[in-house]
Trainee: 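So that we are looking at the same thing, I have put the structure below in C-alpha cells.
Atom set for the values below is all heavy atoms of this structure, side chains included, hydrogens, waters and symmetry mates excluded. Throughout, protein chains are lettered first and strands after them, A, B, ... in sequence-line order, and every chain is numbered starting at 1.
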Amino acid sequence: MSDSEDDVVLSKRVKTNGSVKKESSDDDVPLGQLSQGSRPHESSASEYDSDENITKTAAKKIKKKPNKRKAEGKTSEPASKKVKKQPSQSAKTKTKPKKEKKVKEETPIKAETPGKDDEEDDGVGYKWWENQLDDDSVKWETLEHNGVIFPPEYEPLPSHVKLLYDGKPVDLPPFAEEVAGFFGAMLETDHAKNPTFQRNFFHDFQKVIEECGGCGVEIKDFEKCDFTQMFNYFEGKRLEKKLISAAEKKKIKAEKDAFEEPYKTCLLNGRKEQVGNFRIEPPGLFRGRGAHPKTGKLKRRVQPEDVILNLGKDAKVPPPPEGHEWGEVRHDNTVSWLAMWRENISNSVKYVRFAANSSLKGMSDYKKFEKARELKNHIEKIRKDYRTMLKSNLMLERQIATATYLIDVFALRAGGEKSDDEADTVGCCSLRFEHVTLTPPQTVAFDFLGKDSIRFYQEVEVDPQVFKNLKLFKRLPKGPGDDLFDRIDPSVLNKHFQTYMTGLTAKVFRTYNASKTMQDQLDLIPNEGTPAEKVVKYNAANRTVAILCNHQRSVSKGHETSMQKISDRLKEMLWQKIRLKKMMLMLDKKLEKKKPKFFEELDDLTKEDEAHIHKQIIIREREKYEKKFKRENDKRAENKEDQLPESQLKEWLGKVDQLEKDYKNELKTGKPLLPDNITIEKLEQQIEKLEGRIASTTLQMKDKEDNSQVALSTSKINYIDPRLSVVFCKKWNVPLEKVFTKTLREKFKWAIESVDENWRF
DNA sequence: GGGGCCACTTAGAACTGCAAAT
DNA sequence: ATTTGCAGTTCTAAGTGGCCCC
C-alpha cells in the first residue's frame, strides 16, 4: 500500500496528475516549496507551484554544477578580485557586546599577583572543570601575549642556481625567484605533476614577474621552464642540514627554542596558557586537496600590516617588526583568537589560537562531549520519530527523516553547500543523484568524495523505507548533477534537531555515535592478558570508530615492501617449523602415525619456496659476515690495531659455503641435517616457540594491513570521549601512556583528572 | 530565509626525531 | 654507528554552524 501513498507528494509534482491520493498541501505548507496554492502561514515560498519548483531546483543544480566544471578552465578572476570587506570594527564592537550582558561575575580567577612567578603556575593548580562553565560568550577577562613569529625574509639563491627557460638561465628578481623556488622545491611531488597545480602556479608566477617589472626574457611557456637546478640546490641544502653534527644541531635547536619561547605562551586571566600556532604561515604554493580549482596558486607573504592582534585592553601591545605596523589591535573578549589575518587564496581568515591543552579549548571540548552524552537521552525518540517520518506525506519531512537516518546510521557529515572555486566534495545534504546507486530490494551504494576529498564508498543494506525514499528522491526529472535532498540543507536539519534538544546539530550525532561505539566495543574487552594485548584490543575498538567515521590515510609508500618483508619472515618461520618436524620424524618415524595432524603441514611449502628461502638465508649470512669483517676492521683501524687477515673472512664465508651445500642436499633428499644432541623434546620445545612467534607475527601483519588505510588518530583526538579511554585504562590496569601520547594526555587532562572507574559515556 | 561573514572544530599530509633494526 | 620505519607532532586545509543583515 504504502508505495503509492509514500510517493504522493512527489508523484503529484512530477506527474501533475492522478495518482495523488491525499491532499497534503496543508501540512506541507511550512517549508512550502511544493504544494500548489493554498499556503496559509508561509508567504514567501508559496508562489511556487510544485512542478515549477521541481524544475527550478533541477535547473539550479544544473546551472551550478556545470559551472563548476567550466570554471576550472577559465578561472579565478572573481577570486582575485574579491573585494576585501573591511568589517568596520566599530560595527563589530557594537554587535558583540550585546550578548555580553550575561557576564558572570564569578570568574574563577584569583588574580593574585599572577604576573609574578607564574613560571610554574601554568594552570597546574587550576581545574576549570570543577567550576561552572555555563556562559561562554565572554572568553576572557585579561589576555596578554607577545604577538606572532613571522617567517624569515627571503634569501636569494646563489648566483649559479637559476631557473632555465628554453635551456638558458634567467635572472629573476628576488620575489619571482622565490616563487619559482616554491615550485622547484616541490618538483618531485605529486602536486607539481598536477596540471591544475602547474597552471595555477604558472599563472601566478607570470603575474609576479610582471609585478617585478619583468626579467629580460618573456616567460610564456611553462613547458620551457626547467626548475631542476633549484630542486637540486634545495636537495643539497637538505642533505647538508642532515650532516650537521649532533652537537651543532642541538645548539641550533636551543637557539630557536629560546627565540620562540615568548611566543609559545600567553597570559589568560593571569594564568599561563600555551598558544597553538604562533607562527604566521609562510608564503608558498597553495596545496589544495583533491581536485581543488585553486591548487598551486601563490599564497602570498603575510605582512604585519595584514595582521590583527587581539588582546586585553590593558595588555602591552607587542612591538611590530622593525619598520612595520600592525594592521589593527583589537580587544574583543568574546572570541578566543590572539591574532588573525586574511589569506589571499580564498580570502578566508586564519587565526592564531590557543593550543589544544589550553583551558579554553579544554572547556569547549568538555562541552562538546557533554552535549553528545546528552543526546543519549533523546536518541530513542529521535530514532522512533524519524522512522515514522520516513513515511510522511510531506516531501520535506521525508527528506529530513532520510537525511537524519543517514547521518545517524552512516555517520555522514551535514554537507553544506560549496562554491565553485572549491573541490567538489559533498556530505549528506549535498549528496547528488550520481552519488547513490540503488539495487533492489534495499541495497545502496554510496560513492562520493567527502571532506578533504576522501572517498566514501559503501555498499549497504538500508531500511526498506529509506530505500524507497532515495528512489523517490532520484526520480525524474532528476539526473546526474541534481541534489538528492532538494528541500533541505544543514540549517533546516539543525533547526529540526533543536526541537529535540538545544544545541543538537548534525555533528553531534557523529560525536555521539563515535563515542557510543567506542564504549560498546570497550565493553566487549575481557580483563585478561597482558597490558600490551589489551592495548591491541583497545586499538581494534578505536579502529571500529575510525571506520565508522571514514577516517582514512594514504598508504605509506613503504607499506607494500614492508608487508612483503613480514610475509617473507613468516614463510621462513613456517619453513623452520616444517624442518623441525622433519627432524622429529627422522628421530622417530612412528610419530607420523601417532599424530598425523601434527605432521600434516609437511608439504605446505613447494620446492621453489624452499629453494628461495635457502637462497635468502645464504645471502643474508654472507652479508652478515662481510659486514662483521668490515666493522671489526674499522674498529681496529681506529684503535690502530692490526687488521684481521683476509683469511678470517674466508673462513667465515667457508662456513656459509658449507651451509649452502647442506641446504642443496637437504632440498634433494628432503632431510635436514640433524644437529648434535638433539632430542624429540628439544624439537618440540623449539616448535612451540616458533608457533608462538608465527602467531604473533601473523597478528601483527594483519593489524598492520588493517591499519594501513585507516587513521585512528582523528577519532581519538576529536570523537571518542577521552574519559572512555581513561576509565578503560584504570579498570583494566593499562598504563594510560599506552593509549594517549604526552600531548593527548595534556589535552585531555580534564578527563584524566575528573573521572572514576564507574563513569559511563 | 538566504547569503555572507566569522569563529570555531575536524582532517590528512608533511615533517621530525627517536627507537628498533642492521 | 648508521639506517630505517614509524609514532608523534606540526601544519594548514576543509569542514560545521551561529549570527547578522537584507
Side-chain angles (χ1 to χ4, degrees), chain A residues 31-33 42-45 82 85 87 91-92 94-96 98-99 136 139 186 189-191 238 242 246 249 253 276-277 279 281-282 284 286-290 292 294-295 299 310 332 334-337 340 342-343 345-351 353-356 360-361 364-365 368 413-419 422-423 425-427 429-430 450-454 489-495 497-498 503 505-508 510-511 549-554 556-559 561-562 565 620 623-624 627-628 631 634-635 638 704 707 711-715 717-719 740-744:
Chain A
L31 265 182
Q33 325 218 17
E42 269 277 340
S43 55
S44 55
K82 212 165 261 180
K85 237 152 263 166
K92 165 141 209 168
K94 240 177 280 163
T95 53
K96 294 297 179 164
K98 84 169 59 153
K99 47 184 171 176
D136 67 350
K139 312 277 183 170
M186 297 173 70
T189 66
D190 289 346
H191 289 296
R238 227 165 45 89
K242 244 169 61 181
K249 272 187 199 160
K253 175 124 184 355
N277 54 332
R279 255 184 286 273
E281 291 174 17
F286 174 66
R287 292 147 121 104
R289 312 243 169 110
H292 193 121
K294 294 191 174 182
T295 194
K299 193 166 92 167
N310 189 36
D332 184 351
T334 66
V335 295
S336 63
W337 49 267
M340 64 163 254
R342 218 167 255 287
E343 50 89 34
I345 302 289
S346 314
N347 203 230
S348 69
V349 178
K350 302 274 190 167
Y351 298 95
R353 285 175 282 126
F354 288 97
L360 277 173
K361 287 280 184 110
S364 70
D365 218 25
K368 173 183 76 185
R413 295 187 184 82
E417 206 193 337
K418 293 190 74 187
S419 80
E422 297 172 280
T425 63
V426 301
C429 294
S430 45
K451 181 176 178 181
D452 292 306
S453 292
I454 295 296
D489 61 30
S491 89
V492 171
L493 224 42
N494 289 337
K495 261 177 215 140
F497 293 149
Q498 310 279 335
T505 62
K507 89 195 258 290
V508 179
R510 254 168 95 80
T511 314
C549 297
N550 199 39
H551 290 146
Q552 302 186 17
R553 57 175 187 167
S554 48
S556 68
K557 65 175 188 295
H559 178 70
T561 11
S562 97
K565 251 189 202 159
R620 219 164 52 209
E623 272 173 9
K624 189 177 89 186
K627 268 196 189 149
K628 181 173 169 185
R631 208 171 44 228
D634 285 352
K635 200 168 87 192
E638 206 166 304
K704 191 166 176 159
N707 262 344
L712 301 192
S713 57
T714 308
S715 50
I717 294 170
N718 300 300
Y719 287 103
F740 283 165
T741 62
K742 184 162 85 58
T743 346
L744 238 35

Trainee: Report the nucleotide, chosen from C:dT16, B:dT9, C:dA13, that has the shortest atom-to-atom distance to any side-chain atom of A:A414.
Mentor: C:dT16
Trainee: Tabulate atom names and distances for all N/O pairs under 3.5 angstrom spanning the protein and nucleotides 12-18 of chain B.
Mentor:
unit_1	atom_1	unit_2	atom_2	d
B:dG12	OP1	A:Q552	N	3.0
B:dG12	OP1	A:Q552	O	3.4
B:dG12	OP2	A:T714	OG1	2.7
B:dG12	O5'	A:Q552	O	3.3
B:dG12	N2	A:R289	NH2	3.1
B:dG12	N3	A:R289	NH2	3.4
B:dA13	OP1	A:S554	OG	3.4
B:dA13	OP2	A:S554	N	3.2
B:dA13	OP2	A:S554	OG	3.3

Trainee: Could you tell me which residues satisfy side chain to side chain contact (heavy atoms under 4.5 Å, CB included) with A:L493, sequence neighbours excluded, listed by chain and number?
Mentor: A:I400, A:A403, A:T404, A:I407, A:C429, A:I488, A:F497
Trainee: Can you tell me which nucleotide in C:dG17, C:dG15, C:dT9 comes closest to the side chain of A:T425?
Mentor: C:dG15
Trainee: Using side chain to side chain contact (heavy atoms under 4.5 Å, CB included) as the criterion, list what pairs up with A:K565, not counting sequence neighbours.
Mentor: none
Trainee: Side-chain contact, heavy-atom cut-off 4.5 Å: A:V508 with A:K368?
Mentor: no
Trainee: Which residues satisfy the side chain to side chain contact (heavy atoms under 4.5 Å, CB included) test with A:S554, sequence neighbours excluded?
Mentor: none
Trainee: Among the nucleotides B:dT10, C:dT9, C:dT12, which one has an atom lying closest to any side-chain atom of A:T743?
Mentor: C:dT9
Trainee: Starting from C1' on C:dC19, measure out to NZ on A:K495 and report it in whole angstrom.
Mentor: 11 Å
Trainee: Determine whether the side chains of A:S430 and A:E417 contain a donor N or O and an acceptor N or O closer than 3.5 Å.
Mentor: no
Trainee: Going by side-chain hydrogen bond (donor to acceptor under 3.5 Å, both in side chains), name the residues that satisfy it together with A:N494, two or more places apart in sequence or in a different chain.
Mentor: none
Trainee: Please list, pair by pair, any protein nitrogen or oxygen found under 3.5 Å from a nitrogen or oxygen in nucleotides 20-22 of chain B.
Mentor:
unit_1	atom_1	unit_2	atom_2	d
B:dT22	O3'	A:K627	NZ	3.3

Trainee: A quick test of your reading: do over 12 heavy atoms of other residues, nucleotides or ligands sit less than 6.0 Å from NZ of A:K495?
Mentor: no
